[in-house]
Amino acid sequence: MSRITFDQLDLNILRLLSANARKPYLEIARECNVSGASIHQRIQRMTAAGVIKGAESLISPATIGYTTCAYVGMFLSEPSQFEHVIDELSKIPEIVECHFTSGQYDILCKVYARDNDHLLQIIQAQIQSLGLARTETLISFKQVFCRQIPIDDAILDL
């Protein structure tokens, strides 16, 4: 993948979008003192390059009944199972993130469940049935913060 070259306008656009992905292009254009067409072209270029991966509405899981958040670390029985396990994990809708990791776990997943009983059901019926060596589960009591990566002038040097 080739690297995209950023300028100050790109950084300003990224800062504004990371603060509010729904901000209208014309409002971004006004704040950046450029035309709306220029903003549209820049956003299209950064989207095509994979810098911007879309905009999303973040739903609070607890407000729709998913009150348990957990991280499940998985140990593979055989490294050759990786692709199969990932394919099966992707079919479990309650798994919202999945990472191939170094360190203690082979795979680390973030899971939302309605409650602890639902979490146990997901782990026993869907995750452990994949033939893993074992799993470890960490329940998150509360997300303290979540944020975007910083958009600063250092990326001009990439």
Side-chain angles (χ1 to χ4, degrees), residues 1-6 10-11 13-23 25 28 40-158:
M1 179 163 87
S2 63
R3 293 235 169 176
I4 185 171
T5 304
F6 298 98
D10 293 324
L11 293 183
I13 293 168
L14 290 174
R15 282 186 190 112
L16 292 167
L17 287 176
S18 68
N20 178 3
R22 296 178 61 143
K23 188 169 222 144
Y25 288 5
I28 294 171
H40 186 271
Q41 289 171 347
R42 296 287 184 118
I43 291 173
Q44 292 299 101
R45 179 177 60 92
M46 289 189 281
T47 300
V51 175
I52 298 172
K53 293 193 171 232
E56 60 186 342
S57 296
L58 299 176
I59 298 166
S60 171
T63 65
I64 59 169
Y66 287 83
T67 59
T68 298
C69 174
Y71 295 86
V72 180
M74 300 171 205
F75 300 87
L76 296 173
S77 299
E78 296 290 327
S80 61
Q81 293 178 301
F82 180 76
E83 293 297 328
H84 168 72
V85 169
I86 294 299
D87 184 51
E88 293 302 311
L89 291 172
S90 72
K91 297 174 184 174
I92 303 170
E94 293 87 354
I95 297 178
V96 296
E97 289 183 24
C98 187
H99 302 268
F100 181 40
T101 63
S102 65
Q104 185 174 2
Y105 307 114
D106 296 313
I107 300 169
L108 181 68
C109 292
K110 184 175 184 179
V111 181
Y112 281 104
R114 290 186 294 277
D115 52 33
N116 289 349
D117 289 334
H118 183 218
L119 176 63
L120 183 61
Q121 178 187 10
I122 293 166
I123 292 169
Q124 289 180 335
Q126 295 178 280
I127 295 174
Q128 289 178 340
S129 67
L130 298 176
L132 302 169
R134 67 187 180 98
T135 62
E136 282 186 12
T137 303
L138 304 167
I139 293 179
S140 171
F141 294 122
K142 178 181 178 181
Q143 180 174 298
V144 180
F145 65 86
C146 179
R147 61 179 164 215
Q148 291 279 355
I149 59 167
I151 306 298
D152 58 29
D153 291 346
I155 66 173
L156 291 173
D157 299 328
L158 294 178

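The chain is numbered in sequence order, starting from 1. Model, not experiment: these values are computed from the prediction. For the numbers below, each heavy atom of this structure counts, side chains included, while hydrogens, waters and symmetry mates do not.
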Item to check | Minimal non-hydrogen separation, Cys109 against Ile107, with atom names | outcome: SG-CG2, 3.8 Å
Checklist entry - How about Ile139 and Asn116: do any of their side-chain heavy atoms sit closer than 4.5 Å? => result yes
Item to check | Distance in Å, Asp106 CG paired with His99 NE2, rounded so as to fall on 0.5 Å steps | outcome: 14.5 Å
Item to check | Heavy-atom pair of closest approach, residues Phe75 and Gln104 | outcome: CE2-O, 2.8 Å
Item to check | side chain to side chain contact (heavy atoms under 4.5 Å, CB included) between Ile122 and Val72, intermediate numbers included | outcome: CA-CA 11 Å; Ile122 293 166; Val72 180; over 6 Å; no
Checklist entry - At what distance, to the nearest 0.5 angstrom, does CZ of Arg42 lie from CD1 of Ile52? => result 11.5 Å
Checklist entry - Are Ile123 and Val111 side-chain neighbours, meaning at least one heavy-atom pair lies under 4.5 Å? => result no
Item to check | Least distance between heavy atoms, Gln81 atom then Gly131 atom | outcome: NE2-O, 3.4 Å
Item to check | side chain to side chain contact (heavy atoms under 4.5 Å, CB included) assessment of Ser140 paired with Lys110 | outcome: CA-CA 10 Å; Ser140 171; Lys110 184 175 184 179; over 6 Å; no
Checklist entry - With a 4.5 Å heavy-atom cut-off, do Glu88 and Ser129 have their side chains touching? => result no
Checklist entry - Taking the side chain as C-beta and beyond, is there a heavy-atom pair between Arg45 and Asp10 under 4.5 Å? => result yes
Checklist entry - Got a second to check how far Tyr112's OH is from Ile64's CD1, nearest 0.5 Å? => result 10.0 Å
Next on the checklist: Could you check whether any side-chain heavy atom of Glu97 comes within less than 4.5 Å of a side-chain heavy atom of Tyr71, counting everything from C-beta outward?
Outcome noted: no
Item to check | Closest non-hydrogen atom pair between Gln44 and Tyr25, with its separation | outcome: OE1-OH, 4.5 Å
Item to check | Val51 and Leu14, any side-chain heavy atoms less than 4.5 Å apart | outcome: yes
Next on the checklist: To the closest 0.5 Å, what do you measure between CD1 (Ile13) and CD1 (Ile28)?
Outcome noted: 7.0 Å
Checklist entry - Just wondering, more than 12 heavy atoms not from Gln128 lying within 6.0 Å of its CD? => result yes
Next on the checklist: Are there over 12 heavy-atom neighbours, none belonging to Ile149, within less than 6.0 Å of that residue's CD1?
Outcome noted: no
Item to check | Under 3.5 Å: donor-acceptor pair, side chain of Thr67, backbone of Arg114 | outcome: yes
Checklist entry - Nearest 0.5 Å, what's the NE2-CG distance between His84 and Leu89? => result 9.0 Å
Checklist entry - Does the side chain of Tyr66 reach to within under 4.5 Å of the side chain of His118, using non-hydrogen atoms? => result yes
Next on the checklist: To the nearest 0.5 Å, what is the distance between CG on Leu108 and OG1 on Thr135?
Outcome noted: 11.5 Å
Checklist entry - Are side-chain heavy atoms of Leu76 and Phe82 found at a separation under 4.5 Å? => result yes
